[in-house]
Amino acid sequence: MNDITFFQRFESDIVAGRKTITLRDASESHFTPGQQLRVGRYEDDVYFCTIEVISVAPVALDQLTDEHARQENMTLPQLKEVIGEIYPGLIELYAIVFKRVATA
Ligand SMILES: CC(=O)Nc1ccn([C@H]2C[C@H](O)[C@@H](CO)O2)c(=O)n1
């Protein structure tokens, strides 16, 4: 059983440590620092790594910076486009900072 999923297209960035943050809605804001999460692919729920949560903090869409984008391994326009596709109309997000601690 996985604790969180990511779209398959982000798997290689997470495993390589290039993606160290994810922006989620309130339904996934309950994770706590120090918690280790089994990570699966959204499309098939296949486990691919374990991450440790470093921090969870609210962030508004218009407060996103180039630093958030860098941690996502994207540009800021790319990040805002992705968020708009996943969470249309959502303004209040939660930034989950993490590190990968194990791979499948
Ligand atoms: C079900 C669901 O919401 N799955 C998600 C949500 C977000 N992501 C990724 C996409 C971006 O890189 C960031 C910011 O939302 O997190 C995801 O992979 N899967």
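Numbering of ligands and ligand atoms starts at 1, following listing order.
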How close does the nearest protein non-hydrogen atom get to [atom], and which residue and atom is it?
| atom | value |
| --- | --- |
| atom 13 (C) of ligand 1 | Glu72 OE2, 3.1 Å |
| atom 18 (O) of ligand 1 | Phe7 N, 3.0 Å |
| atom 3 (O) of ligand 1 | Tyr87 OH, 3.2 Å |
| atom 15 (O) of ligand 1 | Leu23 O, 2.7 Å |
| atom 10 (C) of ligand 1 | Phe10 CE1, 3.3 Å |
| atom 7 (C) of ligand 1 | Arg24 NE, 3.4 Å |

Contact check, side chains of [X] and [Y], non-hydrogen atoms, under 4.5 Å:
| X | Y | value |
| --- | --- | --- |
| Arg41 | Phe6 | no |
| Ile4 | Phe31 | yes |
| Phe48 | Thr103 | no |

Query - Residue from Val82, Leu90, Ile83 passing side-chain contact (heavy atoms from CB on, under 4.5 Å) with Ile86 - result: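 When side-chain contact (heavy atoms from CB on, under 4.5 Å) is applied between Ile86 and each of Val82, Leu90, Ile83, only Val82 qualifies.
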Requested in this report: Check each of His68, Lys19, Gln8 against atom 12 (O) of ligand 1 and report the one with the nearest heavy atom.
Outcome: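 Shortest heavy-atom distance from atom 12 (O) of ligand 1: Lys19.
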May I ask you to list the atoms of ligand 1 that are less than 4.0 angstrom from any heavy atom of [X]?
| X | answer |
| --- | --- |
| Tyr42 | 1 (C) |
| Met74 | 12 (O) |
| Thr22 | 9 (C), 13 (C), 16 (O) |
| Thr5 | 19 (N) |

Query raised in the report: Any salt bridge between Asp13 and Arg18, counting N to O under 4.0 Å?
Result: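 Looking at Asp13 and Arg18, the cut-off is met.
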Requested in this report: Just jot down the salt bridge (Lys or Arg N to Asp or Glu O under 4.0 Å) partners of Asp3, sequence neighbours excluded, or say none.
Outcome: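 Asp3 satisfies salt bridge (Lys or Arg N to Asp or Glu O under 4.0 Å) with no residue once adjacent residues are dropped.
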Report task. Please identify each residue that fulfils salt bridge (Lys or Arg N to Asp or Glu O under 4.0 Å) with Asp45, with sequence neighbours left out. Result ->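 Expected list: none.
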Query - Structural part of Asp25 in contact with ligand 1, heavy atom criterion under 4.0 angstrom - result: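 For Asp25, there is no contact with ligand 1 at all, from either part.
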Requested in this report: Would you kindly check if the NZ (Lys) or CZ (Arg) of Arg24 is within the cone defined by 45 degrees around the ring axis of Phe98 and under 6.0 Å from the six-membered ring centre?
Outcome: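 That pair does not qualify as a cation-pi contact.
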